[in-house]
Amino acid sequence: VFVVELGVARSRLHHVGAVIDPVFCPGEPGPLPEGVRPGAVVAVTGADDRKNTERLIRAWSRVPDTARGDRQLVIVCAVDADTRGRWHHTAHHAGVADSVVITGSIDDTELVSLYRSATIGVMPSLEEGFGLPVAESIACGTPCLCSNVSSLPEVAGTSEGLFDPYDIMSMAGAISAYLTDAALRDRLMSEQGAGGARWHPSRVGAQMLAALSAATP
């Protein structure tokens, strides 16, 4: 946009990324939201269609019972009653209503505990400006699967753990693979964690200062 529409020289643009709150870090999980058990698949989503939550619920129903076990799909979202009802309806008709939990609004303390206690995170969005939940999950030491579109592969920092968000079976296959293979999760966490420091305030701040210094006449 800046280059094409506003005529700004590309050499004057500096990419510094976003910052995650330092509260998102590894550690022991604290109390979890009501009804949530450790070992869940955690998805921080939203009510709008681009968040792709209904496809995620349908994909969850396609994950084999041997992979799901007694795990829950925990959807973290401050959602209105109509959307909550629609998601519950989707989960019920997909046969997974007993393993889908919609938390409603929670604070960062609970969210950190959720990430730390989860087996994996998942972000199925069709479009994102950045994708903070991916970076936050990784920062808490939990690998995060995500869509292979928009900004999400860049935030994840690896081609591993990606899926086609328009394809329910692609999403279900990725979730199943990473739930059943601890070595695969460890490898993904190793690859994602290596790039996770990119979003630490000290690093992003240093990049911003460097960019401002370079722009100063």
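Not measured: the values here are computed from a predicted model.
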[Y] backbone acceptor or donor facing [X] side chain under 3.5 Å:
{"X": "S105", "Y": "A78", "answer": "no"}
{"X": "R55", "Y": "S125", "answer": "no"}
{"X": "T180", "Y": "S176", "answer": "yes"}
{"X": "E191", "Y": "E160", "answer": "no"}
{"X": "N52", "Y": "P165", "answer": "yes"}
{"X": "S99", "Y": "V96", "answer": "yes"}
{"X": "R185", "Y": "L179", "answer": "yes"}
{"X": "T142", "Y": "Y115", "answer": "yes"}

Cluster link [X] to [Y], ILVMFWY, side chain under 4.5 Å:
{"X": "I120", "Y": "I168", "result": "no"}
{"X": "V155", "Y": "F24", "result": "no"}
{"X": "V101", "Y": "V42", "result": "yes"}
{"X": "L73", "Y": "M171", "result": "yes"}

| request: Output, in order, the C-alpha distance, side-chain angles, deciding distance and verdict of side chain to side chain contact (heavy atoms under 4.5 Å, CB included) for L56 and I175. | output: CA-CA 10 Å; L56 173 61; I175 293 171; 4.0 Å; yes
Min side-chain heavy-atom separation [X]-[Y] under 4.5 Å:
{"X": "L132", "Y": "V134", "value": "no"}
{"X": "I106", "Y": "V76", "value": "yes"}
{"X": "E154", "Y": "F130", "value": "no"}
{"X": "L152", "Y": "M123", "value": "yes"}
{"X": "L145", "Y": "L188", "value": "yes"}
{"X": "L111", "Y": "V44", "value": "yes"}
{"X": "C140", "Y": "V112", "value": "yes"}
{"X": "L162", "Y": "C146", "value": "yes"}

With rounding to the nearest 0.5 Å, note down the distance linking [atom1] in [X] to [atom2] in [Y].
{"X": "N148", "Y": "S170", "atom1": "CG", "atom2": "OG", "result": "7.0 Å"}
{"X": "Q192", "Y": "R187", "atom1": "CD", "atom2": "CZ", "result": "11.5 Å"}
{"X": "D107", "Y": "T109", "atom1": "CG", "atom2": "OG1", "result": "4.5 Å"}

| Which pairs count as ring-ring contact (aromatic ring centres under 6.0 Å, His included) when at least one residue sits in residues 77-111, sequence neighbours excluded? | H89-H93
| said: So for atom CG, which belongs to D21, do other residues, nucleotides or ligands contribute more than 12 heavy atoms lying within a distance under 6.0 Å? | reply: yes
| Other residues, nucleotides, ligands: >12 heavy atoms within 6.0 Å of R58 CZ | yes
| field | side chain to side chain contact (heavy atoms under 4.5 Å, CB included) assessment of W60 paired with V41 | value | CA-CA 10 Å; W60 181 243; V41 174; 3.8 Å; yes
For the student: nearest non-hydrogen atoms of [X] and [Y], plus distance:
{"X": "C144", "Y": "V122", "result": "SG-N, 3.8 Å"}
{"X": "D80", "Y": "D82", "result": "OD1-N, 3.1 Å"}
{"X": "A139", "Y": "I20", "result": "CB-CD1, 3.4 Å"}
{"X": "A40", "Y": "V74", "result": "CB-CG2, 3.6 Å"}
{"X": "A172", "Y": "A59", "result": "CB-O, 3.4 Å"}

| task | Please determine which of T66, D70, D65 meets the side chain to side chain donor-acceptor pair (under 3.5 Å) test together with R68. | result | D65
| remark: Residues at least two apart in sequence or cross-chain that pass side-chain contact (heavy atoms from CB on, under 4.5 Å) with L32, listed by chain then number, are V36, P38, S113, L114, S117
| query | Is the closest side-chain donor-acceptor distance between E54 and T90 under 3.5 Å? | reply | yes
| message | Before you tell me yes or no, could you show the steps for Y178 and T119 under side chain to side chain contact (heavy atoms under 4.5 Å, CB included), namely the whole-Å CA-CA distance, both residues' side-chain angles and the distance that decides it to 0.1 Å? | response | CA-CA 9 Å; Y178 283 89; T119 301; over 6 Å; no
| request: Could you walk me through whether D186 and M189 pass side chain to side chain contact (heavy atoms under 4.5 Å, CB included), step by step? | output: CA-CA 5 Å; D186 290 344; M189 187 65 246; 5.7 Å; no
| query | Does anything in residues 125-137 pair up under salt bridge (charged side-chain N to carboxylate O under 4.0 Å, His left out), and if so which pairs, sequence neighbours excluded? | reply | R50-E128, K51-E128
| task | Before accepting this row, confirm whether a basic side-chain N of the pair E28/R116 lies closer than 4.0 Å to the acidic partner's carboxylate O. | result | no
